Every structure is written in C-alpha cells, then in structure tokens.
Amino acid sequence: MEKDQAFNDFIKDGNRAFKGWDFSFLTETGRTSSNVLSWSYGSMAIPLTRNTDCMLDMGTGGGEFLSLLHPLSANVFTTEGYGPNVAIAKARLEPLGVQVTFIEDDNNLPFADNQFSLILNRHESYSPFELRRILNKHGVFLTQQVGGSDCSEINKALGVPVNGEFSEWNLQLVTKELENHDFQILFAKEEFPVTRFYDIGALIYYLHAISWQVPGFSVTKYEHKLFDIHQDIQKNGYFEARQHRFIVKARKI
C-alpha cells in the first residue's frame with residue numbers, strides 16, 4: 001500500500017493521548033462537526049440542579065460538564081468508573097465541594113436508600129433498580145444516552161460488526177424498563193444527528209477515545225481500511241456517520 005505523507009501525519013496526530021472527557025481537540029479546531037439535537041441536556045439539567053438538596057452525577061468523566069453548572073447545591077456527589085478520569089475529576093470538582101467516587105458496579109452503588117432528589121446521567125450505564133433505591137420519593141432522573149446504532153457506518157467501513165450487546169439499546173427499551181421500575185416518564189425523545197470527520201486523524205483520535213466502538217482498535221490492525229477512508233475524505237471532503245442519541249426525564253413514583 002503506497003501511503004501519502006498526509007496519511008502518515010494524521011496517524012501520528014490521531015494517536016495522541018486522550019484525557020478526561022474533553023473532545024475540544026477535535027471540535028474547537030473544526031475537524032469534526034455534528035448536526036444539532038432538538039434538545040439541550042445542559043439546559044434541562046441546570047434548573048434541576050438549582051432546585052435540589054442532594055444530587056448525583058453518574059459517570060462524570062473528568063468533571064468537565066458538572067463543573068460548568070457551578071454554583072451547585074450543598075450536597076453533590078459523582079461517580080466515575082474509568083480509573084484515569086478519577087484523579088482528573090477530583091482535581092476539578094473537589095475544590096467545588098463535590099465528592100467523587102470510583103465505582104466498578106452499577107448494581108451496587110455506595111449510597112443510602114432515598115439519598116438523592118436528582119440524578120444526572122450523560123452517556124453512562126446505570127441500573128434501574130439502583131436508581132429507584134437511591135432516589136427519594138418524586139426524585140428525578142435525567143439521562144442522555146448513546147443508542148445502539150451509534151456511528152455504525154464506522155464499523156461498516158472498517159469491516160467490524162456493531163457491538164451486539166448494545167445493538168437494541170434505544171428509547172423504547174429504556175422507557176419501558178424505567179416504567180417497569182415505577183418511574184413516570186416526563187419527557188422522552190430520540191434523534192439521529194449526522195457527524196462528519198474531516199481528516200483520518202480525527203477519526204483515529206475518536207476511536208481511541210470511544211474504545212467500545214471498535215473493540216481492540218489499533219492503527220496497525222486497521223491500516224488498510226483507514227487508508228481507504230482517508231482516500232475517500234481526500235476525494236469527498238469528509239467521512240460521515242450517523243449518531244444515535246436519546247434523552248429521558250423520569251420521576252420516581
């Protein structure tokens with residue numbers, strides 16, 4: 001395979017380390033873009049955080065999103081299941097009075113029954129049973145999730161099946177599951193915005209960060225397919241994939 005210099009340069013660029021949960025390296029440089037959703041998770045979360053006495057942010061990453069909601073209520077807790085993010089989240093959030101907890105099991109959270117009046121969850125797994133246990137009566141759960149068909153065009157281009165374990169993860173399944181655990185659905189919506197990658201380095205960086213999209217991804221393993229995508233980008237200007245997002249606001253009843 002005869003590679004061009006741009007491809008080699010983009011490979012080096014895309015292999016840089018990803019820290020926390022911050023994609024500004026791509027978004028702020030315009031190397032990726034996505035169609036906007038018809039809702040704003042942040043705009044829905046802010047008024048909820050202003051009217052709660054005790055809240056939990058599940059899967060806080062490096063605390064990037066939660067820190068932007070400051071000032072927060074007096075009792076704020078977070079969980080994070082990816083070890084390298086915990087130190088980043090603690091450095092960012094503990095000065096704001098937020099407690100950061102490392103967890104390994106969604107089914108056994110280290111919190112008391114009826115502890116929270118609000119639980120935020122952005123792109124994080126959860127157990128409906130545990131949600132119900134730790135939320136107090138009429139407590140609110142707000143989650144934005146990545147659906148099972150997210151960016152399946154990437155998998156197709158690389159010749160890799162979409163992760164079967166999560167392929168059916170969608171709005172209908174989640175709302176039914178929450179209702180079966182005695183939650184009232186207050187708001188629910190699902191959309192499929194298009195995202196574009198304008199160079200192969202941006203896609204490589206994304207695949208290193210979103211490791212579950214193509215498990216075991218490496219440039220060496222997929223170099224030929226990546227070069228094919230690179231050539232398509234050189235010809236068309238971008239590589240396009242369809243995201244899968246849905247949001248649910250529910251109340252414990």
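Nothing here was measured: the structure is a model prediction, and the numbers come from that model.
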W39 side chain to E191 side chain, donor-acceptor N/O pair below 3.5 angstrom: no

Heavy-atom side-chain contact between F10 and Q5 under 4.5 Å: no

E179 atom CD: more than 12 heavy-atom contacts under 6.0 Å: yes

Which atom of L69 lies closest to which atom of R50, heavy atoms considered: O-NH1, 3.0 Å

Residue pairs fulfilling salt bridge (Lys or Arg N to Asp or Glu O under 4.0 Å) with at least one residue in residues 91-102, sequence neighbours excluded: E64-R92

G30 to Y198 - nearest heavy-atom pair and separation: O-CD1, 3.5 Å

Residues N85 and K90: side-chain donor-acceptor under 3.5 angstrom: no

Contact check, side chains of K252 and N136, non-hydrogen atoms, under 4.5 Å: no

S152 side chain to N155 side chain, donor-acceptor N/O pair below 3.5 angstrom: no

F129 ring center within less than 6.0 Å of H181 ring center: no

Short side-chain donor-acceptor distance under 3.5 Å, T52 and S73: no

Expected output: side-chain E130 to main-chain L109 donor-acceptor under 3.5 Å: yes

Presence of salt bridge, D150 and R242, under 4.0 angstrom: no

Residues which pass side-chain contact (heavy atoms from CB on, under 4.5 Å) with N75, listed by chain and number, not counting sequence neighbours: C54, F77

Cluster link L186 to M44, ILVMFWY, side chain under 4.5 Å: no

Plane angle bin for F65 and Y41 - parallel if under 30°, tilted between 30 and 60°, otherwise perpendicular: tilted

Between H230 and D199, a side-chain donor and acceptor under 3.5 Å: no

Distance-only donor-acceptor check, side chains H244 and Q145, under 3.5 Å: no

Residue pair Q99 / T78, side-chain donor-acceptor N/O under 3.5 Å: no

Sub-6.0 Å ring centroid separation between F197 and Y238: no

Side-chain (D105) to main-chain (N107) donor-acceptor, under 3.5 angstrom: yes

T143 side chain vs R122 backbone, donor-acceptor pair below 3.5 Å: no

Exam field: side chain E80 to backbone Y82, donor-acceptor pair closer than 3.5 Å: yes

Check: T101 and P110 side chains under 4.5 Å, non-hydrogen atoms: yes

Backbone N/O of G139 and side chain of S117: donor-acceptor pair under 3.5 Å: no

Pair R196 + E240: basic N to acidic O under 4.0 Å: yes

Minimal non-hydrogen separation, N121 against F141, with atom names: CB-CE1, 3.6 Å

Side-chain donor or acceptor of S67 paired with backbone N/O of G63 under 3.5 Å: yes

S125 vs D106, side chain to side chain donor-acceptor pair (under 3.5 Å): CA-CA, chis, key distance, verdict: CA-CA 7 Å; S125 59; D106 294 326; 2.5 Å; yes

Parallel, tilted or perpendicular: ring planes of F116 versus F111, cut at 30 and 60 degrees: perpendicular

